[in-house]
Trainee: 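One structure, as structure tokens, below. Some questions next.
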Amino acid sequence: MDILLVCAGSEVKSIELDAGSTGAVHVRFSAARIQRIAPDALRPTEEGYLRPLDLVFHGAQVQGELSAALGTLAEAGLWQRGKPWRQPRLPLRLQGGVRAELVFHNGTVLCIEAASVICAPGAEAVFQESLAC
């Protein structure tokens, strides 16, 4: 089953900067909105949330107000060398020329430029089906 990250509608718990030399930025989702795509057409796509999930940018620089970058994402974009990744497949690993823009419902906009980004659900990640009608 394929898992696609749909950032818009996801809940960001925190954004942490690594104080070390790696320049890592950790975007921690308390609930990341995803779609699970079945390998055959007979099973429907499942929409829901995966928690916890981290999006980790390495060699990163951040622009925007980190202290206000919390809550629901209204929209988000991810690019690698100018190519958009609208709903990236997990696990995700992009190298070179990575840019992300996170737009929160509270109006905060965060831009991250990085050498790479990774996002892989850990063993503790739990899927919860969306209850939206």
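Bear in mind that the values here come from a model prediction, so they are computed numbers and not experimental data.
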Trainee: Distance-only check: which donor-acceptor pairs under 3.5 Å involve side-chain atoms of residues 115-127, not counting sequence neighbours?
Mentor:
none

Trainee: Of all heavy-atom pairs between Ser30 and Arg51, which one has the smallest distance, and what is that distance?
Mentor: O-CB, 2.8 Å
Trainee: Roughly how far, to the nearest 0.5 Å, is the CG atom of Leu90 from the CG atom of Leu53?
Mentor: 6.0 Å
Trainee: Please identify which of these residues, Val25, Ile15, Val12, Val27, meets the side chain to side chain contact (heavy atoms under 4.5 Å, CB included) condition with Leu110.
Mentor: Ile15
Trainee: Can any side-chain N or O of Gln128 pair as donor or acceptor with the backbone N or O of Gly48 at less than 3.5 Å?
Mentor: no
Trainee: Please set out all donor-acceptor pairs under 3.5 angstrom arising from side-chain atoms of residues 72-79, sequence neighbours excluded.
Mentor:
| unit_1 | atom_1 | unit_2 | atom_2 | d |
| --- | --- | --- | --- | --- |
| Thr72 | OG1 | Glu11 | OE1 | 3.4 |
| Thr72 | OG1 | Glu11 | OE2 | 2.3 |

Trainee: Roughly how far apart are Leu92 CG and Leu94 CG, rounded to 0.5 Å?
Mentor: 4.5 Å
Trainee: Rounded at 0.5 Å granularity, tell me how far CG in Leu50 sits from CG in Leu5.
Mentor: 9.0 Å
Trainee: Restricting to salt bridge (Lys or Arg N to Asp or Glu O under 4.0 Å), what partner residues turn up for Arg86, sequence neighbours left out?
Mentor: none
Trainee: Taking all non-hydrogen atoms of both residues into account, name the closest pair between Gln35 and Thr45 and its distance.
Mentor: CB-CG2, 4.1 Å
Trainee: According to the salt bridge (charged side-chain N to carboxylate O under 4.0 Å, His left out) rule, which pairs have a member within residues 23-36, sequence neighbours left out?
Mentor: Glu16-Arg28, Arg28-Asp54, Arg33-Glu47, Arg36-Glu46
Trainee: What pair of heavy atoms forms the shortest contact from Trp85 to Pro88, and how long is it?
Mentor: O-CD, 3.7 Å
Trainee: Through direct or indirect side-chain contacts below 4.5 angstrom among Ile, Leu, Val, Met, Phe, Trp and Tyr, which residues connect to Val103?
Mentor: Val109
Trainee: Val56 and His26: which non-hydrogen atoms are nearest, and at how many Å?
Mentor: CG2-ND1, 3.5 Å
Trainee: Using distance only, find each side-chain donor-acceptor pair of residues 60-69 under 3.5 Å and give its atom names and separation, not counting sequence neighbours.
Mentor:
| unit_1 | atom_1 | unit_2 | atom_2 | d |
| --- | --- | --- | --- | --- |
| Glu65 | OE2 | Ser67 | OG | 2.7 |

Trainee: Set out, in order, the CA-CA distance, both residues' side-chain angles and the distance that settles side-chain contact (heavy atoms from CB on, under 4.5 Å) for Val98 and Phe57, then state yes or no.
Mentor: CA-CA 8 Å; Val98 174; Phe57 296 87; 4.0 Å; yes
Trainee: With rounding to the nearest 0.5 angstrom, report the SG to CG distance, Cys7 to Leu55.
Mentor: 6.5 Å
Trainee: What are the two closest non-hydrogen atoms of Lys13 and Leu70, and how far apart are they?
Mentor: O-CD2, 3.1 Å
Trainee: List the atom of His58, the atom of Ala114, and the distance in Å for their closest heavy-atom pair.
Mentor: O-CB, 3.4 Å
